Amino acid sequence: MLTLGVLASGSGSNFQAIIDGIDSGYLNARIAVLITDNPGAFALERAKDHNIEALVLRPRDFTDKDSYYSHIAGELKKRGVDLVVLAGFMRVVGKGLIDQFRDKIMNIHPALLPSFPGLHGQKQAADYGVKISGCTVHFVDEGMDTGPIIIQAAVPAYHDDTEDSLGARILKQEHRIYPYAIRLYSEGRLSINGRKVIIKGDREDSVIINPPVI
Ligand code: GAR
């Protein structure tokens, strides 16, 4: 069974989607720990409700970025984490973590990368006036939202969309594709070839246009 470590900074609705995926048997995984950089994160309540160990680790309590992320890596290793899942973790992850979990960190981003990386992807897309937006699950590398793309889902974007209205449409898809990407990983069906992620077994178009629902 796959052991997950989840990092989240806020509401944690993606964290919840993963918990629900596990509870329903869709995902053969366990969550060993939730780590947050934000003592006020609602994700902490979700962890408590589901008896998941939670750690609050704030960068300001560490001397520098490297020691912060090395410490996080240590906590994850201690708990036998196989895959690190960034679920609304609002920081660019440092080398100390990436080196310890090379190709074993996933992130979800609320835009169709490589468009609109960084913060407020939903607002960037709404303001730009695109007609299609969506979300992306990708492996994490040293860049900002630049790692190999695992799966994407698209949603329409309308001229009167706001960050919130477009964001809500995107978030629904996030909750579908994140558990699915983790499931593919747990089944050993993902491999990385340069920039490309190969999904074994499924035709890519069937996966991307209509990912299996939980
Ligand atoms: C999600 O929309 C996620 O894609 C985004 O933050 C939100 C977290 O929601 N992540 C980023 O913008 C990362 N750059 P949640 O806390 O309810 O899962």
Side-chain angles (χ1 to χ4, degrees), residues 4-23 27 29 31 33-50 52 54-57 59 65 69 72 83-94 97-98 105-128 130 132-157 161-182 208 211 214:
L4 306 175
V6 177
L7 273 61
S9 302
S11 156
S13 71
N14 279 291
F15 173 44
Q16 186 68 53
I18 296 161
I19 293 171
D20 294 346
I22 292 171
D23 285 353
L27 269 177
I31 301 172
V33 65
L34 167 79
I35 297 179
T36 182
D37 56 343
N38 172 14
F42 187 68
L44 286 167
E45 301 298 319
R46 300 181 194 272
K48 203 167 149 197
D49 284 351
H50 293 272
I52 295 168
L55 303 177
V56 178
L57 298 172
K65 189 169 169 175
Y69 286 102
I72 289 180
L83 179 69
V84 183
V85 176
L86 308 185
F89 186 67
M90 296 305 185
R91 292 178 185 277
V92 177
V93 168
L97 181 56
I98 295 173
I105 309 174
M106 278 187 194
N107 180 44
I108 188 147
H109 182 75
L112 292 177
L113 292 171
S115 292
F116 312 125
L119 292 177
H120 303 289
Q122 311 93 325
K123 179 170 167 36
Q124 293 184 56
D127 290 352
Y128 199 91
V130 294
I132 297 175
S133 191
C135 46
T136 304
V137 179
H138 63 94
F139 286 111
V140 171
D141 65 10
E142 281 81 359
M144 162 132 47
D145 302 323
T146 52
I149 291 171
I150 300 165
I151 188 165
Q152 295 182 301
V155 302
D161 262 325
T162 60
E163 175 173 16
D164 286 349
S165 63
L166 179 59
R169 204 173 302 124
I170 292 171
L171 195 61
K172 273 194 191 159
Q173 296 304 315
E174 295 187 34
H175 298 161
R176 299 177 72 202
I177 67 171
Y178 215 179
Y180 185 59
I182 295 166
I208 291 157
I214 296 178

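One-based numbering, in listed order, for ligands and for the atoms of each. Since the model is a prediction, treat every value here as computed from it, not as a measurement.
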Pair R46-S13, side-chain donor/acceptor within less than 3.5 Å: no
Pair N38, S9: side-chain N/O donor-acceptor within cut-off below 3.5 Å: no
How close do [X] and [Y] get, heavy atom to heavy atom, and via which atoms?
X: D161; Y: A126; answer: O-CB, 4.0 Å
X: L86; Y: Y178; answer: O-OH, 2.8 Å
X: P179; Y: A17; answer: CG-O, 3.9 Å

Under 4.0 Å from ligand 1, counting heavy atoms only: the protein residues, by chain and number: S11, G12, S13, N14, G88, M90, I108, H109, P110, G118, Q122, L171, E174
Atom pair CD1/CD1 of I52 and I31 - distance to nearest 0.5 Å: 4.0 Å
